[in-house]
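What follows is a single structure, written as structure tokens, with notes after it.
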There are 2 protein chains.
Amino acid sequence: MELAEAKLKFIEAWGKLGSEWGINRTMAQVHALLLISPEALTTEDVMAELSISRGNANMTLRDLIGWGLIEKQHKTGERKEYFYAEKDTWVIARRVAEERKKRELDPVIKILGQLTEVKGDKKDPAFKAFHSSVTDISRLANNVNKTLDTMLKAEESWFFGSIFKIFK
Amino acid sequence: MELAEAKLKFIEAWGKLGSEWGINRTMAQVHALLLISPEALTTEDVMAELSISRGNANMTLRDLIGWGLIEKQHKTGERKEYFYAEKDTWVIARRVAEERKKRELDPVIKILGQLTEVKGDKKDPAFKAFHSSVTDISRLANNVNKTLDTMLKAEESWFFGSIFKIFK
DNA sequence: AATATCTTTCATTTATTTTTGAAAGTTTAA
DNA sequence: TTAAACTTTCAAAAATAAATGAAAGATATT
């Protein structure tokens, strides 16, 4: 396989995976493009490589900055902005986990906590089923949460090393 | 808060979380409804509770069966099909993890493996960056994969218990 | 302060996903 | 075998999400 073909395949695969996990396909593709680029790229480069509009490229790049996955760079003597992706995959995984936890998990954990407190007739099967399910899910969600907190602080080698050690 | 209101809130929250993670909102809502229902429900019940069409209810229920999250039940002397949700949240989490791994992670890991093998000019920065990023991601994905395999076999208490032990 | 270069915005358009509901299909029972 | 009860299908409609591109907004340069 040629490098050019391989690049396209990677960008495509990353975009597909992203879209399956609720991340805009284009955003995942732009991220993929920058990930495998040794140089920082301009908006024009991104537009050309992926055949997308200026508006789309601009918004997507801003979003990626919001996720902490890329950063702006300025070259001396040039006005154009360049974009460069964080290359350490463990850092990437942590950033994504961190953001999604903050944006999606935390709010739902809060609601689950409230729903756990709802009082009702302990003889009512509907209430019992509700309370029991919500309590269980709340507990699991909190466990996931704690595990994520740990992961956010951990080094990759330590994290996976420790997990594999106890489970081998 | 009333039970009725709490139920709605739970269904809404579950639907939102699902849609943020690439799972059809209605499917997540139907799942939520069945999760907190002590009794198995019919298609009619689901249609009424969530105000959705027959076609939608039918397809969604079939999908949920495909995910291993609900099952059909038959009551003696009745023709109607009833649907009942698995209530053990750890089993639910495992089923979802299992399916998503199979549907989404495994294919991408396969592609990454292939891309890791792509040969090129070791002096070319573009090739070096590509190879290095792809290799790193491939390694991380395989670690995630192994961790999921472990989780799929584990008991919840053992899984989280062990993780907390080493990270406290 | 006028111009050139680059970035951002956002009303429209386009594409994708989801839902509907009527019709067709299936199964049971009289 | 007919009809009633229930389930599934799928083309069309509706809802949602994403992309476009021209215009407006910045910022630096002459």
Q.
I need the minimum non-hydrogen distance between Lys80(B) and His74(B), along with the two atoms involved.
A. O-ND1, 4.1 Å
Q: List the atom of Ile92(B), the atom of Glu86(B), and the distance in Å for their closest heavy-atom pair.
A: CD1-O, 3.4 Å
Can you measure [X] atom [atom1] to [N] atom [atom2] for me and round it to whole angstrom units?
X        : N      : atom1 : atom2 : result
Lys80(B) : dT7(D) : NZ    : P     : 8 Å
Leu61(B) : dT7(D) : CG    : P     : 10 Å
His74(A) : dT5(C) : NE2   : C1'   : 14 Å
Glu78(A) : dC6(C) : CD    : P     : 8 Å
Asp45(A) : dT7(C) : CG    : C1'   : 15 Å
Met47(B) : dA5(D) : CE    : C1'   : 14 Å

(Q) Treating primed atoms plus P, OP1 and OP2 as sugar-phosphate and everything else as base, which nucleotides of nucleotides 16-30 of chain D get B, S or - for protein heavy atoms under 4.0 Å? (A) --SSBB-----BS--
Q: State whether Arg62(B) places a side-chain N or O below 4.0 Å from either non-bridging phosphate oxygen (OP1 or OP2) of dT9(D).
A: yes
Q.
Whether Asn58(B) contacts dT7(D) is assessed here as follows: a side-chain N or O lying under 4.0 Å from the phosphate OP1 or OP2. Is that the case?
A. no
Q. Side-chain contact, heavy-atom cut-off 4.5 Å: Leu105(B) with Arg100(B)?
A. no
Considering only NZ, NE, NH1 and NH2 on the basic side and carboxylate oxygens on the acidic side, decide whether [X] and [Y] come within less than 4.0 Å.
X         : Y         : value
Lys16(A)  : Glu12(A)  : no
Arg139(A) : Glu156(B) : yes
Lys101(B) : Asp149(B) : yes

Q.
Ignoring hydrogens and geometry beyond distance, is a side-chain donor-acceptor pair present between Gln29(B) and Trp14(B) at under 3.5 Å?
A. no
Q. If we ignore angles and hydrogens, is there a donor and acceptor under 3.5 Å between the side chains of Ser53(A) and Asn56(A)?
A. no
Q: Give a yes/no verdict on a cation-pi contact between Lys75(B) and Tyr82(B), requiring under 6.0 Å between NZ or CZ and the six-membered ring centre and an angle within 45° of the axis.
A: yes
Q.
Any residue in residues 8-21 of chain A with a heavy atom nearer than 4.0 angstrom to DNA chain D? Just list them by number, or reply none.
A. none
